Enquirer: 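Right, I'll just put the structure down here and ask away after.
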Amino acid sequence: MNFDFDNPYRTTRLPVFARNAVSTSHPLASQAGLRMLWKGGNAVDAAIACAAAMTVVEPVSNGLGSDSFAILWDGKQLHGLNSSGFAPSAWTPEYFKSKYGDAKTPPKRGWDSVTVPGAVASWVALSQKFGKLPFGDLLEPAIEIAERGYLMPVVVQQKWAAATPELGSFPGFAQSFLPWGRAPKVGELFQFKNAARALRLIAETKGSAFYGGEIAQALERFAREHGGSMTAKDLAEFKPEWVTPIAKNYKGYTLHEIPPNGQGIAALMAVGILSNFDLAELPVDSPDSQHLQIEAMKLAFADVYKFVGERSAMEVTSEQLLDGGYLASRAKLIDMKRAQDFKAGNPVKGGTIYLTAADENGMMVSFIQSNYMGFGSGVVEPTFGISLQNRGHGFNLTGGANLVAPRKRPFHTIIPAFLTKDGQPVMSFGVMGGNMQPQGHMQTLVRMLDYKQSPQAACDAPRWRFNQGLELNVEAAMKASTIQALQERGHKLDVINDSYQDFGSGQFIWRAGDPKVEGYVCASDSRRDGLVAGF
């Protein structure tokens, strides 16, 4: 790919060129990964070190109680890992009805939003299958940061302070995250010594303490004390699942995503719909180009929200949703003159962190980890600093693919992505932020493949975010003329200045050629405090 490296967007970032690289949303996490590469580790070792460090330096978005997913190129082929946790054995529709009456979903916060955490199990699985360094080495940077502490950065502090009024009274939250009875201020030293204790046990036992030992017992005890239902047996029975990524071709490349229960298929459906148009003939930031992408994304979401969940519970298959004929029929519904509120079709007829790492031997890792909404459930097991996700809120209590059930996984928003060409690796990448993730995958990919913008420019360009119906958020940096033209077509736009909250951020590593010679072109989103580190 011959990128245009002239970046037309406001940014303080430049692309990084390196043979070994990591890209995360926090400099200390990027440095943790780089330490593993300097020690002779590979991209998987680096990714695990980054992921562990991120639980400490950005607890507003992820923690030891998170879920995770990964797609990696091992030098010969792609592998997918689904490490999203399942519902506790006690969870049934009747369980929730007895506690919450006619509620349509499990609660947003508290113990009854907590599913079994999968992130730690993913670190172990990745290390055992692909890592080079001893597992304990990979957690050393995270332990050191948690023990010594770090100065609070701007973006993390903003989200921390915003969450405090809602979550301050939840079990263990204040003890762990309000060390002075309030959120830390920018530049204050935050230490997380209990998390350091947990990380040491995880390192020493290769994760078994979390799923069957001292940490598991502490989680069960804490749940029992505060009305939760998760047990040590629930934790012990969880195992990550190695999966084959699903894929869709676009402009000579192939986009790969993790199959359901996640929403990655939405990005595949959107680019499949866009394949029926010649976007490159439209100016990159024009109303026509943006309108077409918005409508394609809305069509994809209409189907995903109706049909996608745990694969065994879905009424349609991924293959049916990605069928070229079906997506072509959906593309015909787009009216270039007006915005529409699309409904699901009939395919049967035919708070998150992302990081990526690559090494000079060609291994590339796309990894994502999340507590879901900011700080997840708000519940924090205090003796080990385990902040627990609220993925259970993704279930529903009324029926369909996401009806809650014991040992079932909920619909998931976090999705790593990977791009190949002719069966060879091209780019590991991802974008954070709830339903922004497939939207970000599509928007950045279109900019790189259709418009030849560099990964950094594609990262920095103004984005839009579809919410529901005709409602969109758009970044204030978008052209005023484009905003006006979209409004005239019926899009209901809310212009937002807070880019982090609404438009996510992302990390991108593009393989420039032979990793030992040309290396990689790397980008980190200017919406966050992130850093690309490489050599």
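All values reported here derive from a predicted model rather than from experimental measurement. Residue numbers count from 1 along this sequence.
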Enquirer: Output yes when Lys298 and Asp341 qualify as a salt bridge under the 4.0 Å nitrogen-oxygen rule, no when they do not.
Expert: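 Looking at Lys298 and Asp341, the cut-off is not met.
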Enquirer: Verify the distance criterion only: is there a donor paired with an acceptor across the side chains of Gln389 and Thr115 at less than 3.5 Å?
Expert: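 Thr115 and Gln389 do have a side-chain donor-acceptor pair below 3.5 Å.
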Enquirer: Taking atom CE of Met436 and atom CZ of Phe503, what is their separation to the nearest 0.5 Å?
Expert: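 Here the interatomic distance stands at 7.5 Å.
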Enquirer: Asn473 side chain to Asn467 main-chain N or O, any donor-acceptor pair under 3.5 Å?
Expert: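 No.
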Enquirer: Within the distance-only criterion (no hydrogens, no angle test), does the side chain of His79 pair as donor or acceptor with the backbone N or O of Ala70 below 3.5 angstrom?
Expert: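 No: the side chain of His79 does not pair with the backbone of Ala70.
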Enquirer: Does the Asn276 side chain pair with the main chain of Gly272, one donor and one acceptor, at a distance under 3.5 Å?
Expert: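 Yes, the answer is positive, given that a donor and an acceptor are paired below the 3.5 Å cut-off.
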Enquirer: State the CH2-CD distance between Trp510 and Gln456, to the nearest 0.5 angstrom.
Expert: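 Reported value, rounded in 0.5 Å steps: 14.5 Å.
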Enquirer: Would you say Arg311 and Ser318 are linked by a side-chain donor-acceptor pair, where the criterion is simply a distance under 3.5 Å?
Expert: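 Distance-only check fails for Ser318 and Arg311.
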Enquirer: Do Lys408 side-chain atoms and Ala87 backbone N/O form a donor-acceptor pair below 3.5 Å?
Expert: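 Not confirmed, Lys408 side chain does not pair with Ala87 backbone.
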Enquirer: Without swapping roles, check the side chain of Asp285 against the backbone of Met478 for a donor-acceptor pair under 3.5 Å.
Expert: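 Here the side-chain-to-backbone pair does not exist.
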Enquirer: What's the verdict on salt bridge (Lys or Arg N to Asp or Glu O under 4.0 Å) for Glu475 and Arg463, showing C-alpha distance, side-chain angles and the deciding distance?
Expert: CA-CA 6 Å; Glu475 288 193 278; Arg463 296 179 191 154; 5.3 Å; no
Enquirer: Is any side-chain heavy atom of Ser454 closer than 4.5 Å to a side-chain heavy atom of Val521?
Expert: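 No; the side chains remain at least 4.5 Å from each other.
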Enquirer: Strictly distance-based, threshold 3.5 Å: is any side-chain N or O of Gln340 a donor or acceptor partner for the main-chain N or O of Leu333?
Expert: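 Such a contact is found between Gln340 side chain and Leu333 backbone.
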Enquirer: I need the Arg330 CZ to Leu327 CG distance, nearest 0.5 Å.
Expert: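 So the CZ of Arg330 and the CG of Leu327 are separated by 9.0 Å.
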Enquirer: For the pair Phe375 and Phe177, name the ring-plane relationship: parallel under 30°, tilted 30 to 60°, perpendicular over 60°.
Expert: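 Phe375 and Phe177: tilted rings.
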Enquirer: Walk me through it: do Phe170 and His226 pass the test side-chain contact (heavy atoms from CB on, under 4.5 Å)?
Expert: CA-CA 10 Å; Phe170 280 86; His226 296 280; over 6 Å; no
Enquirer: I need the Ser83 OG to Phe69 CZ distance, nearest 0.5 Å.
Expert: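 Result: 8.0 Å between the selected atoms.
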Enquirer: Regarding Tyr354 and Ser366, do their side chains bring together a donor and an acceptor under 3.5 Å, going by distance alone?
Expert: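 Checked: Tyr354/Ser366 side chains pair up, N/O donor to acceptor below 3.5 Å.
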Enquirer: Side-chain contact test, heavy atoms from C-beta onward, threshold under 4.5 Å: evaluate it for Asn396 versus Leu403 and give yes or no.
Expert: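 A side-chain contact exists here, since the closest heavy-atom pair is under 4.5 Å.
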Enquirer: Answer yes when Lys99 and Asp112 have at least one side-chain N-carboxylate O distance shorter than 4.0 Å, and no when they do not.
Expert: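 Here Lys99 pairs with Asp112 in a salt bridge, since their nearest N and O are under 4.0 Å apart.
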Enquirer: Between Arg409 and Glu241, does the salt bridge (Lys or Arg N to Asp or Glu O under 4.0 Å) criterion hold? Intermediate values first, please.
Expert: CA-CA 12 Å; Arg409 296 178 298 193; Glu241 180 187 5; 3.0 Å; yes
Enquirer: Looking just at side-chain N and O atoms, do Ser289 and Gln293 make a donor-acceptor pair shorter than 3.5 Å?
Expert: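 Yes, because at least one side-chain N or O of Ser289 sits under 3.5 Å from a partner of the opposite role on Gln293.
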Enquirer: Decide whether Asn62 and Thr55 meet the rule of one side-chain donor and one side-chain acceptor closer than 3.5 Å.
Expert: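 No, no side-chain donor-acceptor pair sits under 3.5 Å.
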Enquirer: With side chain to side chain contact (heavy atoms under 4.5 Å, CB included) as the test, pick out the partner of Leu274 among Leu292, Asp450, Ile334, Leu445.
Expert: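 Single side chain to side chain contact (heavy atoms under 4.5 Å, CB included) partner of Leu274 among Leu292, Asp450, Ile334, Leu445: Leu292.
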Enquirer: Output, in order, the C-alpha distance, side-chain angles, deciding distance and verdict of side-chain contact (heavy atoms from CB on, under 4.5 Å) for Phe342 and Asp303.
Expert: CA-CA 9 Å; Phe342 297 108; Asp303 282 342; over 6 Å; no
Enquirer: Where do Thr413 and Arg391 land on the side chain to side chain donor-acceptor pair (under 3.5 Å) test, with the steps shown first?
Expert: CA-CA 9 Å; Thr413 59; Arg391 285 291 168 186; 2.9 Å; yes
Enquirer: Just by modelled atom types, is the Gly118 backbone N or O under 3.5 Å from a matching donor or acceptor in the Asp67 side chain?
Expert: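 Between the backbone of Gly118 and the side chain of Asp67 there is a qualifying donor-acceptor contact (under 3.5 Å).
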Enquirer: What distance separates Gln424 CD from Gln77 CD, expressed to the nearest 0.5 Å?
Expert: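 One gets 11.5 Å once the value is rounded to the nearest 0.5 Å.
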Enquirer: Using only atom types and a distance under 3.5 Å, with no angle test, would you say the side chain of His256 pairs donor to acceptor with the backbone of Leu419?
Expert: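 Side chain of His256 to backbone of Leu419: no pair is present.
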Enquirer: If we count only N and O atoms by modelled type, under 3.5 Å, do the side chains of Trp73 and Ser428 hold a donor and an acceptor together?
Expert: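 There is no such pair (donor and acceptor under 3.5 Å, judged by atom type) between the side chains of Trp73 and Ser428.
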Enquirer: Under the criterion side-chain contact (heavy atoms from CB on, under 4.5 Å), I'd like the reasoning laid out for Trp123 against Phe367: C-alpha separation, chi angles, the key distance, then a yes or no.
Expert: CA-CA 10 Å; Trp123 305 348; Phe367 185 93; 4.0 Å; yes
Enquirer: Apply side-chain contact (heavy atoms from CB on, under 4.5 Å) to the pair Tyr305 and Asn435, showing each step before the final yes or no.
Expert: CA-CA 11 Å; Tyr305 290 151; Asn435 76 343; 3.4 Å; yes
Enquirer: In Å, rounded to the nearest 0.5 Å, how long is the span from CE of Met314 to CG of Leu321?
Expert: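 Interatomic distance, Met314 CE to Leu321 CG, rounded to 0.5 Å: 5.5 Å.
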Enquirer: Taking Ile415's backbone N and O only, do any of them form a donor-acceptor pair with Gln437's side chain (distance below 3.5 Å, no angle check)?
Expert: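 Indeed, once roles are kept as given, a pair shorter than 3.5 Å links the two residues.
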Enquirer: Give a yes-or-no answer on whether the side chains of Asp288 and Ser286 include a donor-acceptor pair shorter than 3.5 Å.
Expert: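 The criterion, which ignores hydrogens and geometry beyond distance, is not satisfied for Ser286 and Asp288.
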Enquirer: Using atom types as modelled and distance alone, determine if a side-chain donor or acceptor of Asn390 lies under 3.5 Å from a backbone N or O of His393.
Expert: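 Side chain of Asn390 to backbone of His393: no pair is present.
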Enquirer: For residues Pro106 and Leu397, determine if any side-chain heavy atom of one lies less than 4.5 Å from a side-chain heavy atom of the other.
Expert: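 When only atoms from C-beta onward are counted, Leu397 and Pro106 do touch, with a gap below 4.5 Å.
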Enquirer: State whether the number of non-hydrogen atoms from other residues, nucleotides or ligands found under 6.0 Å of Asp278 atom CG is greater than 12.
Expert: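 Correct, the count exceeds 12.
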